[in-house]
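Throughout, protein chains are lettered first and strands after them, A, B, ... in sequence-line order, and every chain is numbered starting at 1. Keep in mind the model is a prediction, meaning the values are calculated, not measured. Basis for what follows: all heavy atoms, side chains included, without hydrogens, waters or symmetry-related copies.
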Protein chains: 2
Amino acid sequence: MLELAVLGLLHESPLHGYELRQRLKATLGTFRAFSYGSLYPTLRRMRDAGWIAEDEGDAEVVAGAPALTGRRGKVVYKLTAEGKEHLAELLTDAGPSAWEDETFGVHFALFSQTDPEVRVRILEGRRSRLEERREGVRATLARTRARLDSYTLQLQEHGLESVEREVRWLTELIETERLKTTTTPRKAVPHSVRP
Amino acid sequence: MLELAVLGLLHESPLHGYELRQRLKATLGTFRAFSYGSLYPTLRRMRDAGWIAEDEGDAEVVAGAPALTGRRGKVVYKLTAEGKEHLAELLTDAGPSAWEDETFGVHFALFSQTDPEVRVRILEGRRSRLEERREGVRATLARTRARLDSYTLQLQEHGLESVEREVRWLTELIETERLKTTTTPRKAVPHSVRP
DNA sequence: CGGCGATGTATCGCCGCGATACATCACACT
DNA sequence: AGTGTGATGTATCGCGGCGATACATCGCCG
């Protein structure tokens with residue numbers, strides 16, 4: 001969700017819409033774009049919800065004819081106290097909502113702001129999610145293989161390999177993450193995962 | 001687009017909604033799901049547009065109390081003449097709309113119904129699209145590498161590798177496809193000489 | 001001195017998704 | 001005999017995101 005991404009970015013420094021978008025591209029890259037058609041409405045929604053506030057940066061408008069052209073200059077947004085609170089809350093969530101296709105990348109990109117334990121749980125959740133999908137594809141593939149033409153088959157198998165690659169990647173990440181937490185010992189608190 | 005997928009599937013045999021959905025999963029696999037929330041409205045739209053028609057399959061409803069529960073039984077859809085025409089038209093399109101993220105998979109899954117020349121052009125188009133993206137990612141990555149935390153960096157690099165892998169896959173496909181057209185000399189593209 | 005690409009804010013309609021509702025039927029478990 | 005569970009089947013609703021588009025300013029290069 002865009003909301004989380006914006007919260008995460010604004011946590012580092014106040015930004016205006018355009019810059020926010022650049023950062024999103026730089027941060028999420030191939031994973032997700034988030035067009036202006038999503039950004040601006042979301043920004044408004046978040047402002048109305050009280051998570052962010054407009055930080056009137058440039059009062060040096062003046063001169064020309066401000067009244068004629070209406071609002072000039074950039075609109076800089078910054079986190080409010082509630083926004084920070086909300087962000088912290090969202091970052092603790094290691095439930096299914098965090099390992100969905102669309103959301104995982106955002107959570108991952110914000111891992112440096114996330115609790116190490118939560119990180120591992122998200123990575124593991126994401127991995128099981130993908131393992132489920134892998135098994136699903138394998139099953140239907142085995143069942144329908146004969147009926148499929150070569151192109152569909154190739155598509156299926158390519159997709160399957162992509163998922164497998166993804167699982168491998170996650171496994172590596174989990175191991176590295178585990179190493180980190182074992183060398184920096186913390187008290188392991190088992191936590192139930194809500195559905 | 002769902003429309004094309006439905007057209008392509010119905011070209012082989014008449015199907016009802018549920019079965020159509022199963023086929024979509026089996027055909028597109030990891031690539032795309034297409035929920036009922038898209039399917040049924042699309043079906044209606046297509047029917048209204050005249051591409052498909054309801055092929056009242058089961059008249060053996062009767063007995064119980066048909067009037068009470070309203071419409072019983074499955075609604076089977078089949079291609080109309082216009083539908084076939086429209087499909088043929090869509091399958092000739094090798095323009096940008098065919099190599100977009102969301103559409104490419106559908107086009108690819110329907111390759112067995114597609115003209116060989118169009119196939120190659122779609123594959124090449126898709127590849128350039130991904131090469132562009134790859135260069136874009138490389139550029140922003142080179143520009144911002146220093147500013148990124150390790151997680152964001154890892155996400156970026158993983159994404160980059162995914163794109164690279166995709167490009168390799170497409171290159172292989174293009175080569176195979178080229179071999180096919182040169183070893184099976186169809187309706188004469190005369191000037192190309194094989195070494 | 002003219003145009004073009006980057007910066008900047010904003011809206012609109014469409015598409016697809018997930019959740020949800022409801023109904024029937026086969027089969028297994030108890 | 002009763003129960004429940006999973007597959008088959010049709011359908012709707014709200015919402016989040018996308019691509020296209022509009023419009024305005026600024027700085028730089030030719």
Nearest to side-chain heavy atoms of [X], which nucleotide of [options]:
X: B:Tyr77; options: D:dA11, C:dT11, C:dT9; result: D:dA11
X: B:Arg45; options: C:dC15, D:dT8, D:dA11; result: C:dC15
X: B:Phe34; options: C:dC17, D:dC18, C:dT9; result: C:dC17
X: A:Lys74; options: C:dT9, C:dA10, D:dG9; result: C:dT9
X: B:Thr42; options: C:dT9, C:dG16, D:dT10; result: C:dG16

Please state how far atom [atom1] in [X] lies from atom [atom2] in [N], giving the value in whole angstrom units.
X: B:Glu19; N: D:dG9; atom1: CD; atom2: P; value: 7 Å
X: A:Asp101; N: C:dG16; atom1: CG; atom2: C1'; value: 14 Å
X: A:Trp99; N: C:dG18; atom1: CH2; atom2: C1'; value: 17 Å
X: B:Met46; N: C:dC15; atom1: CE; atom2: P; value: 12 Å
X: B:Leu43; N: C:dG16; atom1: CG; atom2: C1'; value: 15 Å
X: B:Met1; N: C:dC14; atom1: CE; atom2: C1'; value: 9 Å
X: A:Leu39; N: D:dG16; atom1: CG; atom2: C1'; value: 13 Å
X: B:Leu28; N: C:dC17; atom1: CG; atom2: P; value: 10 Å

Side chains of [X] and [Y]: does their closest heavy-atom pair fall under 4.5 Å?
X: B:Met46; Y: B:Ile52; result: yes
X: A:Gln154; Y: B:Phe111; result: no
X: A:Val118; Y: A:Leu91; result: no
X: B:Glu3; Y: B:Arg45; result: yes
X: B:Leu79; Y: B:His11; result: yes

Using 30° and 60° as the class boundaries, would you call the ring planes of A:Tyr36 and A:Tyr40 parallel, tilted or perpendicular? parallel

Apply side-chain hydrogen bond (donor to acceptor under 3.5 Å, both in side chains) to A:Thr140 and A:Arg143, showing your working. CA-CA 5 Å; A:Thr140 36; A:Arg143 190 156 39 77; 5.0 Å; no

Applying side-chain hydrogen bond (donor to acceptor under 3.5 Å, both in side chains), can you list everything that pairs with B:Arg134, at least two apart in sequence or on another chain?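 Expected list: none.
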
Could you tell me which residues satisfy side-chain hydrogen bond (donor to acceptor under 3.5 Å, both in side chains) with A:Glu85, sequence neighbours excluded, listed by chain and number?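 A:Glu85: no side-chain hydrogen bond (donor to acceptor under 3.5 Å, both in side chains) contacts found.
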
For DNA chain C, the residues among residues 129-147 of chain B that have a non-hydrogen atom under 4.0 Å from it: none

Using a strict heavy-atom distance below 4.0 Å, which residues from residues 2-17 of chain A are in contact with DNA chain C?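 Going residue by residue through residues 2-17 of chain A, the ones with a heavy atom under 4.0 Å of DNA chain C turn out to be A:His16, A:Gly17.
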
5' precedence on DNA chain D between A:Arg32 and B:Arg44 (nearest-nucleotide basis): B:Arg44

Following the transitive rule for hydrophobic clusters with a side-chain heavy-atom cut-off under 4.5 Å over Ile, Leu, Val, Met, Phe, Trp and Tyr, establish whether B:Leu24 and B:Val75 coincide in one cluster.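 Shared cluster, yes.
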
Watson-Crick/G-U partner (both atom distances under 3.5 Å) of D:dA24: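 Pairing partner: C:dT7.
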
Check the interface with nucleotides 19-23 of chain D: list each N/O to N/O pair with the protein under 3.5 Å, or write none.
none

As an exercise, state the distance from CG of A:Leu28 to OG1 of B:Thr152, rounded to the nearest 0.5 Å.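 Here the interatomic distance stands at 8.5 Å.
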
Salt bridge (charged side-chain N to carboxylate O under 4.0 Å, His left out): which pairs involve residues 5-21 of chain A, sequence neighbours left out? A:Glu19-A:Arg23

